[in-house]
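To start, the structure itself, in structure tokens.
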Amino acid sequence: MLHIGCHLSISKGFMHIGKEAASIGADTFQFFTRNPQGGKAKEIDTTDAQKFNDFAKINSFAKIIAHAPYTLNICSDNPQTCEFAEMVFADDLKRMEFVPHNYYNFHPGSHVGQGAEKGVAMIIDLLNRLLTPEQTTTVLLETMSGKGSEVGRSFEELAAIIDGVKLKQKMGVCLDTCHVFAAGYDIVNDLDGVFAEFDKVIGLPYLKAVHLNDSMMPFGSNKDRHAKIGAGEIGQAALERFVRHPAVKDLSMILETPNDLAGYAAEIKMMRAAAEK
Ligand code: FE
Ligand code: FE
Ligand code: ZN
């Protein structure tokens, strides 16, 4: 069965978001751990989190995804930005243990001219400081579109990060269809080839989750603009083939398309039907 959901607001707590997800036919979802600009996180209501853990189990939810704030930049050239990123990352990992055995996804960051190699090294250092054998959370690197000095624009860069991390069993990758398409991976005409490349460079066992988005911007544009399913350059047929591919079987898939709740419900229904075809 396809595990699919969308990005939702956690402002009213885990139980609220769980019920909201279930109400639109989702069996997973994504939320920001704190305001995407990176402010202070709300205190976790442990009773609410526990209730959600039971709810997720009863309703056979797939793993949910916590998304780090967009502004988190581990490989900045500003030491204060790096320090803040580390503080947020450590705090988020601690908080994730209230909803154990799920995913924490982050954008590797922007090296701001220091070079991808330096960026990769800084990300590895932070992960080796913060990951612990006891944590139940798997940390996901998101594939990026390659705008500006973004790290994670190629499978090679993500593989280099994982390669340097000691606790590899705590690491995974979240493939964003809009981002990889913009980065020049042809998921429209050569989906098998892209997954073969992923397997060769990173290893398919590291593929844990998907951000399912169409792309407003053309192939190879290195621009990050999400479109509704079928309203972009990837197109509905290619995304339907994507969800049917054996490489993504059983992964948590998250829509980050510009939609309201009804729009998400319709896309979830559409993708579930496509997966059954
Ligand atoms: Fe993201
Ligand atoms: Fe994404
Ligand atoms: Zn994006």
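All of these numbers come straight from a predicted model, not from anything done at the bench.
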N/O donor-acceptor pair under 3.5 Å between Asp214 side chain and Ile234 backbone: yes

Heavy-atom pair with the smallest gap, counting every atom of Phe31 and Met96: CZ-SD, 4.4 Å

Close aromatic pair by centroid cut-off 6.0 Å: His7 and Tyr264: no

Exercise: identify the closest heavy-atom pair between Leu140 and Cys174: CD1-CB, 4.0 Å

Whether over 12 other heavy atoms sit under 6.0 Å from Arg244 CZ: yes

Listed partners of Asp77 passing side chain to side chain contact (heavy atoms under 4.5 Å, CB included), at least two apart: Val112, Gln114

Glu156 (side chain) donor-acceptor with Val201 (main chain) under 3.5 angstrom: no

hydrophobic_cluster_shared for Ile268 and Ile64, side chain cutoff 4.5 Å: yes

Side chain Arg241, main chain Ile187, donor-acceptor under 3.5 Å: no

Non-hydrogen side-chain atoms of Asn128 and Val165 separated by less than 4.5 Å: yes

Side-chain heavy atoms of Arg95 within contact of Asp92, under 4.5 Å: yes

Any donor-acceptor pair under 3.5 Å from Asn73 side chain to Gly109 backbone: no

Shortest non-hydrogen separation from Ile124 to Ala160 and the atoms involved: CD1-O, 3.5 Å

Sidechain N-carboxylate O distance under 4.0 Å for Lys147, Glu150: yes

Whether Asn102 side chain and Ile65 backbone form a donor-acceptor pair below 3.5 Å: no

Ser76-Asn78 side chain donor-acceptor pair, cut-off 3.5 Å: no

Flag, side chain of Thr137 to backbone of Leu93, donor-acceptor distance under 3.5 Å: no

Student check: side-chain heavy atoms of Val151 and Met122 closer than 4.5 Å: no

Side-chain touch Asp199/Phe155, heavy atoms, less than 4.5 angstrom: no

Backbone N/O of Ala183 and side chain of Arg153: donor-acceptor pair under 3.5 Å: no

Atom NZ of Lys168 with >12 non-hydrogen neighbours under 6.0 angstrom: yes

Nearest heavy-atom neighbours spanning Gly152 and Leu158: CA-CD2, 3.7 Å

Separation of Met271 CE from Gln236 CD (nearest 0.5 Å): 7.0 Å

Donor + acceptor pair across side chains of His245, Asp192 (<3.5 Å): yes

Backbone of Gly220 reached by a side-chain donor or acceptor of Lys223 within 3.5 Å: no

Between His107 and Asn105: side-chain donor-acceptor atoms closer than 3.5 Å: no

Expected output: side-chain His3 to main-chain Ala62 donor-acceptor under 3.5 Å: no

Student check: side-chain heavy atoms of Pro100 and Asn53 closer than 4.5 Å: yes

From Phe29, Phe61, Phe52, Phe55, residue fulfilling ring pair (Phe, Tyr, Trp, His ring centres under 6.0 Å) relative to Phe14: Phe52

Side chain proximity check, Phe32 to Ile10, heavy atoms < 4.5 angstrom: no

Verdict with reasoning, Phe106 to Ile123, per side-chain contact (heavy atoms from CB on, under 4.5 Å): CA-CA 11 Å; Phe106 75 106; Ile123 297 159; 4.2 Å; yes

Side chains of Thr143 and Tyr185 in contact at under 4.5 Å (non-hydrogen atoms): no

Within 6.0 Å of NZ in Lys228, more than 12 heavy atoms from elsewhere: no

Neighbour count above 12 (heavy atom, 6.0 Å) for Gln169 CD: yes

Parallel, tilted or perpendicular, as decided by the 30° and 60° cut-offs, for the rings of Tyr104 and Phe89: perpendicular

Where Pro108 and Glu142 come nearest, the two heavy atoms and their spacing: CD-O, 3.4 Å

Plane angle bin for His67 and His211 - parallel if under 30°, tilted between 30 and 60°, otherwise perpendicular: parallel

Backbone N/O of Ile229 and side chain of Glu267: donor-acceptor pair under 3.5 Å: yes

Exercise: do Asp176 and Asn213 side chains pair donor with acceptor under 3.5 Å: yes

pair Phe98-Asp45: side-chain heavy atoms closer than 4.5 Å: no

